[in-house]
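The structure appears right after this line, and notes come after that.
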2 protein chains.
Amino acid sequence: MATGRRSPTLESVAAASGVSRQTVSNVINAPDRVAPPTRARVQSAIESLNYSPNRMARSLRTRASRAIGFCVPPAVPNRLNPVLDRFVHAIADAASARGFHVLLFTAPAGPAGLDGYAELMAQQAVDGFALSETVVNDERQAWLMERGIPFVAFGRTWNDDDSGAWVDVDGAAGVAAAVDHVHGLGHRRIAFLGWPRGSGVGDDRLGGYLAACERLGVPSLVARGTESMAEGHAMASRLLGGPEPPTALVCVSDTVALGALRAVARRNLAPGRDVAVVGFDDTPFAALPGFELTSLSQPIEEAGRTVVRMLLKHLERKGSRRGEAHEPGEPPATNVLLRPTLVIRSSTDPEASRLAR
Amino acid sequence: MATGRRSPTLESVAAASGVSRQTVSNVINAPDRVAPPTRARVQSAIESLNYSPNRMARSLRTRASRAIGFCVPPAVPNRLNPVLDRFVHAIADAASARGFHVLLFTAPAGPAGLDGYAELMAQQAVDGFALSETVVNDERQAWLMERGIPFVAFGRTWNDDDSGAWVDVDGAAGVAAAVDHVHGLGHRRIAFLGWPRGSGVGDDRLGGYLAACERLGVPSLVARGTESMAEGHAMASRLLGGPEPPTALVCVSDTVALGALRAVARRNLAPGRDVAVVGFDDTPFAALPGFELTSLSQPIEEAGRTVVRMLLKHLERKGSRRGEAHEPGEPPATNVLLRPTLVIRSSTDPEASRLAR
């Protein structure tokens, strides 16, 4: 798609077909007024230049597309991203309820993918964007803000400077609630199985753990590994085989926690009775019989609704001052931090789980 | 959304603002040619009538939107639909590779939702549709064909009459391959755990089982229950506690199979050694340690690519005979039936699984 070239205009179509702008406009809007040979010449110029008459609508500065763009990260076959998939459903539902649609597109990660956003705006295919899979120092936000392109992100950039409107889930508060939960059950040697340093989400969750340990006056014990069951298994095995093994493993994700659960079982320890295990995300795996993993559930549907509501409010503000649309320097947006909910199952509390059945 | 009312036209905007059609067109395409007070009057009429200038582009009959509509079924919180989610990724990827986008929308099930499709076409928001979640006697196909709206379905309607273009996965062939697999391992009492009669997908899979049993000369034994682990557990328990218990349970889905696996374990039988269990869909659950469920993997990415390719070919055909676009009675489409792959794990063959590690 021609992102680098200049977009064809009414003028260039007129020049290419040797007629006036008005005639081109007539071909588009009132073709019966134009003699068939002229009409054919103009239509052929429109096609060869790949001119999109939708672009004309730009001057109106109405929100004609009523669509929200959402970039889908490349699918990894047989690897689920339940949080992302729930979020896509959530914004599609929320947008539909407001008479909007969600336009999915794909783009390379990093700066290379940014042209795709600008192009969709130029084509008036979308009115703005919902972002997700935000990373530390994400470049998209600043790039979109500079161009006055409306967006709301699901997830922070963890930058110090203003990075636009976002909705996020308070991972630190969630992990702190998990630590409080196992502490309340009597655990005092509580370890955290986290991701490598430098991921915004992982560091946020770790921060909640460290703060809770300090508040409760218990020692902290942190292991780090990548996002996989194998690493969860390895981290848990190492800690459980150490000199002062923890009795509770608070994990940065369900995937890591499922690996930890297996390490507990391999040592003939009973999850929930001997060693408590907590995950994060409350994926469908967590609820499976045989795992019954206590986990933190993210309010994804609420996040989707909030992202759509904030974005539509932003678009309304833009719409109310037509002439100045697309100018940089939007007022700093209100950001929303949602609380995850701890779903207690038998991996921390066999009694709670039994009662729930 | 005003599906019942007549759409505003250039004429109605002209009438409402007391100017000519040409002046309305000028306000949209060349606002600098129109005196500010007139421009303001026309813009106010455009807004109060909710007139979308994109609709003007209709007369051009070019494919301006380059978007494929896809209706997302309502999300059920904490219930995954991995096949659907993979399909959404697959069509987004395949469409992007061809310079198209996927427009997600939601619509009520049944005839009530059909207006949403027509409206998106009328708005030129999409060029055609990808359908999924097709059901027996699905009404969408006939409705879309009558209106000449391009679509390709992922899934059949199981109607006798022509129901338009589709891509589907051969469930019967997949289940037959599963029966052959357990038969080859020596099993002779092979049961099928299916869904209630009347679902196209479920009956198709059952048909493959019955045909394979007949071909192999082994008795058939069918249980039916709804799509849940609890029903899978109940069906398997009933069969395993019967007079001539089966030694292999071929299941209509992974969910049913996970319930069956638990029923096997509850009777202190070893899955894979004592009783073979096969699922369908190869969901991420199947690969989990502790389950290691043999299952049939659907080629979803290939299905998505094929749906997009067929739809774009359809659009090209339409585009090449401009004047007659949207006429009913498209030529019968070629349909594509893809083969699922049996992924063998320890629930049928402990050796195979061990070697794979």
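Chain letters run A, B, ... following the sequence lines, proteins first, then strands; residues in each count from 1. Scope of the values below: all heavy atoms of this structure, side chains included, with no hydrogens, waters or symmetry mates.
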Are the side chain of A:Ser17 and the backbone N or O of A:Val42 linked by a donor-acceptor pair below 3.5 Å?
-> no

Answer yes or no: is there a side-chain heavy-atom contact under 4.5 Å between A:Asp127 and A:Phe100?
-> yes

Kindly indicate, with the supporting measurements, whether the criterion side chain to side chain contact (heavy atoms under 4.5 Å, CB included) is fulfilled by B:Phe70 and B:Ile91.
-> CA-CA 9 Å; B:Phe70 182 75; B:Ile91 56 173; 3.8 Å; yes

Heavy-atom contact with chain B under 4.5 Å, split by part of A:Ala67 = side chain

Closest-packed option against chain A by number of heavy-atom pairs under 4.5 Å, given B:Ala95, B:Pro289, B:Gly290 = B:Pro289

Ranked by heavy-atom pairs below 4.5 Å to chain B, first place among A:Ile68, A:Val88, A:Leu103 goes to A:Leu103

Give, as side chain, backbone, both or neither, the part of A:Leu84 having an atom under 4.5 angstrom from any heavy atom of chain B.
-> side chain

If you take all heavy atoms of A:Ala263 and A:Ser237, which pair is closest and at what distance?
-> CB-OG, 3.6 Å

Go through B:Ile300, B:Val72, B:Leu258, B:Leu288 and name the one with the most non-hydrogen pairs under 4.5 angstrom from chain A.
-> B:Leu288

Segment of A:Phe291 engaging chain B (4.5 angstrom heavy-atom cut-off) = side chain

Do the side chains of B:His89 and A:Asp85 get nearer than 4.5 Å, heavy atoms only?
-> yes

